[in-house]
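Quick caveat, the model's predicted, so the values are computed rather than measured. Keep in mind that the numbers below use all heavy atoms, side chains included, and drop hydrogens, waters and symmetry copies.
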Amino acid sequence: MARLPRNVRALLLCLAGFASCGSAESGAISRHGSFAFQAPHARGAHVALEQTVEASHRGEIRKLECVLEVDSSEVRLVGLTPFGSMAFSLIYDGHLISVEDRTGGNFPADPREILASLQLCLWPELPGLHGLSVTESLDAKGRHRTLRRDSVDVISIHYTSTASPWEGTIEFVHHERNFALRIVTSAWSELDT
């Protein structure tokens with residue numbers, strides 16, 4: 001298991017109080033589906049992940065380094081520029097969501113959408129999902145999670161790891177909105193509870 005660099009962990013721990021707050025509600029993730037942010041403790045594991053998120057939309061590809069920490073009380077997500085400075089930060093305590101966005105709209109997704117996508121990929125259960133059904137399968141190529149409306153695939157998630165989802169590459173495809181995320185975890189550690 002790779003360890004997160006101390007400076008990245010320190011950045012995450014210093015974020016509280018720097019962002020604007022608002023109540024966390026369900027957000028539309030498709031024409032007929034919504035998703036309520038999942039409580040931090042629902043993840044089941046207390047982890048810190050350093051990930052590269054590559055977003056593809058309308059022929060444009062953008063990469064963002066992200067650090068995600070989840071413990072029983074908070075989800076903390078930081079997006080870093082290629083130079084290592086903060087692009088955005090997000091803290092979610094299960095009730096309120098605080099966001100500081102320094103991207104100036106230059107990234108194709110809002111930090112809340114990135115968090116929703118990561119939760120759809122990483123949380124074991126999705127009770128906050130409405131209007132879509134979830135199917136899970138396993139084959140020789142890995143695990144698959146598909147969110148469907150009737151018999152139409154809306155979101156497809158492919159995991160190359162059959163263990164913890166962050167131990168391999170995650171391919172997230174939103175068919176309805178025509179965008180894709182490729183999530184590669186470069187370092188992770190379990191947090192003390």
What pair of heavy atoms forms the shortest contact from [X] to [Y], and how long is it?
| X | Y | result |
| --- | --- | --- |
| Leu96 | Asp93 | N-OD1, 2.7 Å |
| Met86 | Leu80 | CA-CD2, 4.2 Å |
| Asp153 | Arg148 | OD1-NE, 2.6 Å |
| Ile155 | His175 | N-CD2, 4.1 Å |
| Cys121 | Phe172 | SG-CD1, 3.6 Å |
| Ser72 | Pro40 | O-CB, 4.0 Å |

Could you tell me whether the side chain of [X] and the main chain of [Y] form a donor-acceptor pair under 3.5 Å?
| X | Y | result |
| --- | --- | --- |
| Gln119 | Gln38 | yes |
| His46 | Glu69 | no |
| Asp150 | Val152 | no |
| Thr162 | Gly142 | no |
| Ser186 | Glu50 | yes |
| Ser85 | Thr81 | no |
| Tyr159 | Ser161 | no |

* To do: Mind running side-chain contact (heavy atoms from CB on, under 4.5 Å) on Leu122 and Val70 for me, showing each step along the way?
  => CA-CA 11 Å; Leu122 299 174; Val70 182; over 6 Å; no
If you group Ile, Leu, Val, Met, Phe, Trp and Tyr by side-chain heavy-atom gaps below 4.5 Å, do [X] and [Y] land in one group?
| X | Y | answer |
| --- | --- | --- |
| Leu115 | Phe179 | yes |
| Leu126 | Leu68 | yes |
| Phe35 | Val134 | yes |

Would you say the side chain of [Y] lies within less than 4.5 Å of the side chain of [X], judging by non-hydrogen atoms?
| X | Y | answer |
| --- | --- | --- |
| Phe37 | Val75 | no |
| Leu120 | Leu147 | yes |
| Val154 | Thr146 | no |
| Arg112 | Leu90 | yes |
| Ile170 | Thr160 | no |

* Should the pair Glu54-Arg182 be classified as a salt bridge under the 4.0 Å nitrogen-to-oxygen rule? ->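 Answer for the salt bridge query: no.
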* Are Glu60 and Arg58 ion-paired here, with the side-chain N under 4.0 Å from a carboxylate O? ->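 The answer is no: the pair does not qualify as a salt bridge.
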Atom [atom1] in [X], atom [atom2] in [Y]: separation rounded to 0.5 Å?
| X | Y | atom1 | atom2 | answer |
| --- | --- | --- | --- | --- |
| His57 | His174 | NE2 | NE2 | 11.0 Å |
| Leu181 | Thr52 | CG | OG1 | 12.5 Å |
| Leu118 | Trp123 | CG | CH2 | 8.0 Å |
| Arg43 | Asp71 | CZ | CG | 13.0 Å |
| His144 | Glu171 | NE2 | CD | 11.5 Å |
| Glu176 | Ile29 | CD | CD1 | 9.5 Å |

* Glu167, CD: over 12 other non-hydrogen atoms inside 6.0 angstrom ->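 Enclosed: over 12 neighbouring heavy atoms sit under 6.0 Å from CD of Glu167.
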* To do: Any chance you could lay out the side-chain contact (heavy atoms from CB on, under 4.5 Å) test for Leu77 and Ile114, step after step, and finish with the verdict?
  => CA-CA 9 Å; Leu77 176 64; Ile114 294 171; 4.0 Å; yes
* To do: Please lay out, stage by stage, how Arg143 and Arg145 fare under the test side-chain contact (heavy atoms from CB on, under 4.5 Å).
  => CA-CA 7 Å; Arg143 289 186 308 128; Arg145 176 179 273 181; 6.0 Å; no
